[in-house]
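Read the structure below first, then the notes.
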Amino acid sequence: MPSGVEQYPHEQGEGTSVSFEQELLEQRREKLRRIESLGYPAYPHRFSYTHTLAQVLAVCSSKAAEELTQEKSIVRVCGRLQAIRGHGKAGFADLAQGEARLQVYVRKDAVGDRGFELYQLLDLGDFVGVEGYLFRTKTGELSVHVSELTLLAKAMLPLPEKWHGLQDVEVRYRQRYLDLLANVEVRRVFLTRSRLIRALRAALEQRGYVEVETPMMQPLPGGAVARPFRTHHNALDIDLYLRIAPELYLKRLVVGGLDRVYEINRNFRNEGVSTQHNPEFTMLEFYQAYSDYHDLMDLTEQLLPEVVRETCGTTTVLFGDQTIDMGRFARFTLREAISKFWPEESSRPQFSDLADPGRTVAMIETWNCLHPEEDRVPVPANSEAPSGEFSHGAALAQLFEAVCERKLIQPTIIYDFPVEVSPLAKSKPDEPGWVERFELFIGGMEIANAYSELNDPEEQRRRFEMQAALKEKGDLEAHEMDEDYLRALSYGMPPTAGEGIGIDRLAMLVTSSRSIRDVILFPLLRPEISPDAEKE
RNA sequence: GGGCACGUAGCUCAACUGGCAGAGCAGGGGACUCUUAAUCCUCAGGUUGCAGGUUCGACUCCUGCCGUGCUCACCA
């Protein structure tokens, strides 16, 4: 038999040589043509099966050879061909459905000449269906003795090699379907992610939360400090923004009497990409009326061990070379944390230093002296009234991140944040410069952010005005004035606490993934330039 | 955006100090009716990411570009 290429030269040759990949494609086209000429449809519409592969394995794995021979039960099963081993007028092949594998045994005298010709035209990756009886081979492997073989769909391109899998990171992300086929661990990561989200939903539903969906396209991007993506609606001729957070809409729903609401959905932020940041990411936000941030601290400490146990079967997870106990939480105020995690004994700031804006400057300068190259924190302006300058509070928040964040491996709640970096949070009654807000850190990453929601419309307006002043000074991330939100608050919002949990990062923790791209099926990459497009 | 690395056959990887681009798997042809990373014989498969430069000679050295990874900055 001459090779397919010689027999069927590529039509679009134009003098240039046909690439090897095209050659493989041509070979498979030819095989498919020959399968059709045997009378098999190339793309049949369905296959009625009696069992999934997992069902066959569950029922028969424990059955001995004699038992199977006695029953000689006929099954119809299907799947993707994962391995083919020929033996002249017979052959073995492995069918795969997800992680389930079942061997089939194809003999010429059992499937007939036509069936065996079909078998010889199969490639790795093809979908097939078989009918036959179950038996055990000499080596004891459960197999289907095939009497009828059907092609269900042909793989026109070769799948990645079975033994080494698919290693090329770029191909793994761009063609995730190949990654999922070639690397079982990848498949398991995404199944775990799915279980995590299901467990979160169950835990919230159980506590009386209602799931809602709020706009992803918003005329005003609000609820977070971040740069948005902009888009345009043609019919209305208006600019819209992909949401950076659902927060302001969810709180409108609390105004509307939905006392416990949550949403699990995508946020979009037009910012850098890193191992911890994807431009679109999944966030859980939930709001609970008649509660404050203390209640949410308690809830968080209940919820996380619960869902992690539901997802992983245990509350201890391995992350990098760290073992993290998701069932034990430490709590520090932001100011305590700076003092506690300060790297040098002699210059360690006391709590009183952190309360005094006048001393913040000296403290940051000390830090910057200790870390001349990186981890530098900008020094705030000396005025005590923040009016657009880089503020004392913002500086403290940055100092906290520089000093503490990557050291917070075990679950740690950091609470009480500067008002300047928290435009939507309620102030502490005794310290107006500080708000009732906490963040949860695990594995050196910020996992959750929560606060007692500011529900005083007058105060909220002043906060927005502070943000407007920042915007005036060129801060691209400052929060927008949102009159409609102020109107909603003016109708009255009960005391409410709200929290956002980064689902991707939580998924990283429970799947031991170092990069956020490993828990997002299709992370954002630059588009591929096709060789054809380049010629244009 | 900055820094550091990487890019060789469909896949996984070699190629010494600059000296003829190679192997395994996958693929084509052949043998084989209990194999399971099947085996045996055989054949084909490459603009070494792209574009320049240095050189008698470049996968190798230099410059630029493209893509990806890590990292820093920004952020969650």
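Remember, it's a predicted structure, so these values are computed and weren't measured experimentally.
- Not counting sequence neighbours, the partners of A:D179 by the salt bridge (Lys or Arg N to Asp or Glu O under 4.0 Å) test are A:R172, A:R176.
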Where do N or O atoms of nucleotides 31-35 of chain B meet protein N or O atoms at under 3.5 Å, pair by pair?
from: B:rC32; atom 1: N3; to: A:G88; atom 2: N; distance (Å): 3.0
from: B:rC32; atom 1: N4; to: A:G88; atom 2: N; distance (Å): 3.3
from: B:rU33; atom 1: OP2; to: A:K89; atom 2: N; distance (Å): 3.3
from: B:rU33; atom 1: O4'; to: A:H87; atom 2: O; distance (Å): 3.4
from: B:rU33; atom 1: O2; to: A:R107; atom 2: NE; distance (Å): 2.9
from: B:rU33; atom 1: O2; to: A:R107; atom 2: NH1; distance (Å): 3.2
from: B:rU33; atom 1: O2; to: A:R107; atom 2: NH2; distance (Å): 3.1
from: B:rU33; atom 1: N3; to: A:D109; atom 2: OD2; distance (Å): 3.4
from: B:rC34; atom 1: O2; to: A:K138; atom 2: N; distance (Å): 2.6
from: B:rU35; atom 1: O4'; to: A:H87; atom 2: NE2; distance (Å): 3.2
from: B:rU35; atom 1: O2; to: A:R85; atom 2: NE; distance (Å): 2.7
from: B:rU35; atom 1: O2; to: A:R85; atom 2: NH2; distance (Å): 3.1
from: B:rU35; atom 1: O2; to: A:Q103; atom 2: OE1; distance (Å): 3.2
from: B:rU35; atom 1: N3; to: A:Q103; atom 2: OE1; distance (Å): 2.8
from: B:rU35; atom 1: N3; to: A:Q103; atom 2: NE2; distance (Å): 2.9
from: B:rU35; atom 1: O4; to: A:Q103; atom 2: NE2; distance (Å): 2.8
from: B:rU35; atom 1: O4; to: A:T137; atom 2: OG1; distance (Å): 2.8
from: B:rU35; atom 1: O4; to: A:T139; atom 2: OG1; distance (Å): 3.4

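- Rounded to whole angstrom, the span from the CG atom of A:L25 across to the P atom of B:rG10 amounts to 13 Å.
- Using C1' as the reference atom, B:rU12 and B:rC6 are 16 Å apart when rounded to the nearest Å.
- Considering only residues two or more places apart in sequence or on other chains, A:Q82 meets the side-chain hydrogen bond (donor to acceptor under 3.5 Å, both in side chains) condition with A:R101.
- Partners of A:F400 by ring pair (Phe, Tyr, Trp, His ring centres under 6.0 Å), not counting sequence neighbours, listed by chain and number: A:F441.
- B:rA23 atom C1' lies 18 Å from atom CH2 of A:W163, rounded to whole Å.
- For A:K426, there are no salt bridge (Lys or Arg N to Asp or Glu O under 4.0 Å) partners at least two apart in sequence or on another chain.
- When the side-chain nitrogen and oxygen atoms of A:T275 are compared with OP1 and OP2 of B:rG69, none of them lie within a distance under 4.0 Å.
- Pairing for B:rC25 goes to B:rG10, judged as Watson-Crick or G-U wobble with the two contacts each under 3.5 Å.
- The shortest distance between the side-chain N/O atoms of A:R269 and the OP1/OP2 oxygens of B:rC74 is not below 4.0 Å.
- Listed by chain and residue number, A:R76 satisfy the side-chain hydrogen bond (donor to acceptor under 3.5 Å, both in side chains) test with A:E131 (two or more places apart in sequence, or in another chain).
- Ion pairing between a basic and an acidic side chain is recognised when a charged N comes within 4.0 Å of a carboxylate O; A:R107 and A:D109 show such pairing.
- Using a 4.0 Å heavy-atom cutoff across all strands shown, A:L525 reaches sugar-phosphate atoms only and no base atom.
- Base contact: A:R505 has a heavy atom under 4.0 Å from a base atom.
- Base engagement by A:E161 is indicated by at least one non-hydrogen atom pair under 4.0 Å involving a base atom.
- A salt bridge is absent between A:E446 and A:R505; no separation between the charged side-chain nitrogens and carboxylate oxygens falls under 4.0 Å.
- Taking atom P on both B:rC50 and B:rG29, the two are 31 Å apart, rounded to the nearest angstrom.
- With B:rC74, B:rG67, B:rA37 as the candidates, the nucleotide lying closest to the side chain of A:E477 is B:rC74.
- Closest approach to the A:L166 side chain among B:rU12, B:rC74, B:rA76 is made by B:rU12 (side chain taken as heavy atoms from C-beta onward).
- Closest to the side chain of A:S274, from the set B:rA73, B:rA76, B:rG10, is B:rA73.
- For the P atom pair drawn from B:rG46 and B:rG19, the interatomic distance equals 24 Å after rounding to whole Å.
- The P atoms of B:rG45 and B:rA5 are separated by 36 Å, rounded to the nearest whole Å.
- The side-chain hydrogen bond (donor to acceptor under 3.5 Å, both in side chains) check on A:R514 picks up nothing, with sequence neighbours excluded.
- Taking atom CD of residue A:E446 and atom C1' of nucleotide B:rC74, one finds them 14 Å apart after rounding to whole Å.
- Comparing the P positions of B:rA15 and B:rU54 gives an interatomic distance of 29 Å, to the nearest angstrom.
- Under 4.0 Å is where a charged nitrogen must lie from a carboxylate oxygen, and between A:E280 and A:R266 at least one such pair does.
- Within the structure, a side-chain polar atom (N or O) of A:R526 is placed less than 4.0 Å from OP1 or OP2 of B:rG67.
- Residue A:H164 places its side chain closer to B:rU12 than to any other of B:rA76, B:rC72, B:rU12.
- Atom C1' of nucleotide B:rG29 and atom CD of A:Q120 are separated by 12 Å, given to the nearest angstrom.
- When the P atom is used for both B:rC25 and B:rG52, the distance is 38 Å, rounded to whole Å.
- A salt bridge links A:R33 with A:E30; the closest basic N to acidic carboxylate O contact falls under 4.0 Å.
- Separation of the P atoms belonging to B:rU60 and B:rA51 is 13 Å when rounded to the nearest angstrom.
- Put simply, A:K31 has a side-chain N or O that comes within less than 4.0 Å of OP1 or OP2 on B:rG28.
- Mapping A:I84 and A:D123 onto RNA chain B by nearest heavy atom places A:D123 closer to the 5' end of the strand.
- Residue A:V171 is classed as having no contact, given no heavy-atom separation below 4.0 Å to the nucleic acid.
- Atom CZ in A:F438 sits about 16 Å away from atom P in B:rA76, given to the nearest Å.
- Across all strands shown, B:rA31 pairs with B:rU39; the Watson-Crick or G-U wobble distances both stay below 3.5 Å.
- For B:rG52, the paired base is B:rC62 (Watson-Crick or G-U wobble, both distances below 3.5 Å).
- Atom CG in A:L81 sits roughly 14 Å away from atom C1' in B:rA26 (whole-Å rounding).
- Partners of A:R85 under the side-chain hydrogen bond (donor to acceptor under 3.5 Å, both in side chains) rule, at least two apart in sequence or in another chain, are A:D94, A:Q103.
- For B:rC59 and B:rG18, the C1' atoms lie 11 Å apart once the distance is rounded to whole Å.
- Computed from coordinates, the A:Q398 CD to B:rA76 P distance equals 11 Å when rounded to whole Å.
- Listed by residue number, the members of residues 507-520 of chain A with any heavy atom below 4.0 angstrom from RNA chain B are A:S515, A:R517.
- A:G502 comes within 4.0 angstrom of no nucleic acid atom, judged by non-hydrogen atoms across all strands.
- By the 4.0 Å N-to-carboxylate-O rule, A:R526 lies too far from A:E170 to be salt-bridged with it.
- Taking atom CG on A:D168 and atom P on B:rA26, their separation rounds to 21 Å, with Å as the unit.
- Searching all strands for a Watson-Crick or G-U wobble partner of B:rC70 with both distances below 3.5 Å returns B:rG3.
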